[in-house]
There are 2 protein chains.
Amino acid sequence: MTGTLTRAEQKQQTRNNIMAAALKKMSDDKGFSSLGLREVTKEAGIAPASFYRHFANMEELGLALVSEAEEALQAILQDAKALEEKGEDIVESSVQVCMEHFRENGALFRVLAREATGNSPLIRRAIQRCLMTLNHQLAEIIELEMRRRHRKITNPLYMAEAISTLVFNLGIASADLPYAKQKEVEKRLAHHIRIIYWGAEAMANSQHLSRNLMLS
Amino acid sequence: MTGTLTRAEQKQQTRNNIMAAALKKMSDDKGFSSLGLREVTKEAGIAPASFYRHFANMEELGLALVSEAEEALQAILQDAKALEEKGEDIVESSVQVCMEHFRENGALFRVLAREATGNSPLIRRAIQRCLMTLNHQLAEIIELEMRRRHRKITNPLYMAEAISTLVFNLGIASADLPYAKQKEVEKRLAHHIRIIYWGAEAMANSQHLSRNLMLS
DNA sequence: TATTTCAGCAAACAAGTGTTTGCCAATATA
DNA sequence: TATATTGGCAAACACTTGTTTGCTGAAATA
């Protein structure tokens, strides 16, 4: 009838408001665990009690934020995959894309990083699962790329784990640093990844070479 | 005179009790940020008010724990250095030593990992500094080892950063996993590190090689 | 021995917390 | 239009939080 929103849409919107409020509050330095319900509802412009029309408790808010971050991570991966299919240099550009996403909504990823070692076991498990599936997807991309380039490597999943751990931890830790420092981290990350590529390849090839060349 | 402790010793002891109590409370799942003063003092067997005879506030307790963890990290590094000087395979044994330390006092390192992305900026900075000096020390060890083996690599500090990030994050995350899983992580970590060694060496050699090729 | 020092304590304080209740008014449904 | 639904709210509940105050009794000092 009117140009206003339907009831369900309204509800969805204030739900979004709550999540946005939580993120904003976390932007100025604190983690999710030290985030008060009243703080969030105040920022969202609703009464404390109204919170419970949208989430059963604070932990559920945390899980919702995690799954939002999960979607954002998936988006990053899709971008990386697109780059891979275009045949561009995946290392440099992927790191750039990734850091760009981190910058764009840094608070969201900081939730992931913080709560990965945070207080709620439930949330911790959720994040662990999320990162694990991410690793598998990344491994698949790496394998595809390697096949396309007729390279062989030892273990794409291991590579994925190392790369994602580095990008995730170093990247997010630098998200609130000045821009110049961020660019420096970008360079270091690209270097790390390239080293891992070299290493994986060298190790795979060494299995067909004489052992005494590089004895570990 | 008597067999009892002097006053200063007593004070030091209850200070230790407080820190131990905080660690114990954190062992069963929670982070430092969600740790209550009353919780700690109760565990330590003192009144809440007595806490302030030893620390100005909770944040100072956190800093004290960080510096204790720092000492423990230094101990790990000394062990690694000793292994290097003995000429043992540094990768496998270092990872083992490291994980052993993680297991031994896991709660302490979990503080480091959690508060590295935690709520107190003061504590965060302290941890960042700690990890940075650690990287420099590790880089020095790596450089020494490489020189001893007559290998050349690109950048020991980069290697150190990658290795410490991986060991720290993957290692600590697995500290509360079942033993079998821990051993698996140990294997993966050793693999990661070895890959990085291979990669750094391969990259250094390729630079040398391509330069020579261009000359000819 | 007399005096000072000070770790430890109970109690109170001012704010904070998450959550529940009962009600209202606007929307959706019949 | 009448009825049922439900998002939002003020207020209260039952805690828990970090911190301060003034005191006590034992150890250290003179």
Side-chain angles (χ1 to χ4, degrees), chain A residues 1-22 25-26 28-65 115 118-123, chain B residues 1-22 25-26 28-65 111 114-115 118-123:
Chain A
M1 333 219 160
T2 70
T4 61
L5 293 77
T6 174
R7 197 112 99 111
E9 288 170 332
Q10 274 283 11
K11 178 162 186 175
Q12 182 60 41
Q13 189 174 298
T14 66
R15 187 189 153 100
N16 291 342
N17 285 347
I18 292 175
M19 293 174 68
K25 278 288 159 192
M26 280 194 278
D28 33 83
D29 241 351
K30 40 209 297 184
F32 177 75
S33 51
S34 72
L35 198 63
L37 174 146
R38 294 173 131 94
E39 224 175 324
V40 173
T41 53
K42 194 175 181 182
E43 175 75 38
I46 60 170
S50 306
F51 176 87
Y52 294 94
R53 303 286 183 195
H54 302 272
F55 301 96
N57 46 43
M58 283 298 280
E59 192 165 59
E60 222 172 65
L61 208 205
L63 287 173
L65 287 174
E115 297 312 308
N119 302 312
S120 158
L122 233 149
I123 293 180
Chain B
M1 309 289 138
T2 70
T4 61
L5 292 78
T6 174
R7 194 112 98 110
E9 288 170 332
Q10 276 282 11
K11 178 162 187 176
Q12 182 60 42
Q13 190 174 298
T14 65
R15 187 189 151 101
N16 291 343
N17 285 347
I18 292 175
M19 292 175 68
K25 279 288 159 190
M26 281 194 277
D28 33 83
D29 238 354
K30 39 207 299 183
F32 176 75
S33 50
S34 72
L35 197 64
L37 172 147
R38 294 174 132 92
E39 226 175 323
V40 173
T41 53
K42 193 176 181 183
E43 176 75 38
I46 61 170
S50 306
F51 177 87
Y52 295 94
R53 301 287 182 198
H54 302 272
F55 301 95
N57 47 41
M58 284 298 279
E59 192 166 59
E60 221 173 65
L61 209 204
L63 287 173
L65 288 173
V111 181
R114 288 203 167 138
E115 297 312 308
N119 302 313
S120 159
L122 234 149
I123 293 180

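Order of the sequence lines sets the chain letters (A, B, ...), proteins ahead of strands, with each chain counted from 1. Quick note: numbers below take in every heavy atom, side chains included, and nothing from hydrogens, waters or symmetry partners.
A straight line from CZ of B:R15 to C1' of C:dC6 spans 17 Å, rounded to a whole angstrom. For the pair B:I46 CD1 and D:dT19 C1', the computed distance is 14 Å after rounding to whole Å. Whole-Å rounding puts the A:I18 CD1 to D:dG8 P distance at 7 Å. For A:Q13 and D:dT6, the CD to P distance is 20 Å, given to the nearest whole Å. Between B:F55 atom CZ and D:dT19 atom P there is a gap of 13 Å when expressed in whole angstrom units. Rounded to an integer number of Å, the gap from CZ of A:R53 to C1' of C:dA26 is 14 Å. Distance CD (B:Q10) to C1' (C:dG8): 11 Å, rounded to an integer number of Å. Atom CD in B:Q12 sits roughly 16 Å away from atom P in C:dC6 (whole-Å rounding).
OP1 and OP2 of D:dG7 both lie 4.0 Å or more from every side-chain N or O belonging to A:T14. For the pair A:T6 and C:dA28, the criterion of a side-chain N or O lying under 4.0 Å from OP1 or OP2 is met. Between A:S50 and D:dG7 there is no side-chain polar atom (N or O) within less than 4.0 angstrom of OP1 or OP2.
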Let me see the working for A:F55 and A:L63 under side-chain contact (heavy atoms from CB on, under 4.5 Å), right down to the final yes or no. CA-CA 10 Å; A:F55 301 96; A:L63 287 173; over 6 Å; no

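Nearest heavy atom pair, residue A:G62 against residue A:I123, reads CA-CD1, 3.9 Å. Minimum interatomic distance between B:A64 and B:R15 (heavy atoms only, all atoms of both residues): CB-NH2, 3.9 Å. A pairwise comparison of heavy atoms in B:L61 and B:A22 identifies CD1-CB, 4.1 Å as the closest pair. In this structure, B:K11 and B:H54 approach most closely via the heavy-atom pair O-CE1, 3.5 Å.
Summary of the strand contacts: B:A8 and B:F51 both lie near DNA chain D, and taking for each the nucleotide with the nearest heavy atom, the more 5' one is attributed to B:F51.
Checked by atom type and distance alone, the side chain of A:N57 pairs as donor or acceptor with a backbone atom of A:E60 at under 3.5 Å.
Put simply, the side chain of B:E9 does not reach to within 4.5 Å of the side chain of B:Q12, judged on heavy atoms. You'll find the side chain of B:M26 reaches within 4.5 Å of the side chain of B:L65, heavy atoms only.
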Between side-chain atoms of residues 41-50 of chain A and protein atoms elsewhere (two or more places apart, or another chain), which donor-acceptor pairs fall under 3.5 Å?
from	atom 1	to	atom 2	distance (Å)
A:T41	OG1	A:L37	O	3.2
A:T41	OG1	A:R38	O	3.0
A:E43	OE2	A:K24	NZ	3.3

Below 3.5 Å is the cut-off: list the nitrogen or oxygen pairs between protein and nucleotides 14-18 of chain C, distance only.
from	atom 1	to	atom 2	distance (Å)
C:dG18	OP1	A:L37	N	2.7
C:dG18	OP2	A:L37	N	2.9
C:dG18	N7	A:R38	NH1	2.5
C:dG18	O6	A:R38	NH1	3.1
C:dG18	O6	A:R38	NH2	3.4

Between the protein and nucleotides 3-5 of chain C, list the N/O to N/O atom pairs that are separated by less than 3.5 angstrom.
from	atom 1	to	atom 2	distance (Å)
C:dT5	O2	B:R7	NH2	2.7

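For A:A49, the side-chain atoms get nearest to C:dT20 when compared with the rest of C:dA28, D:dT19, C:dT20.
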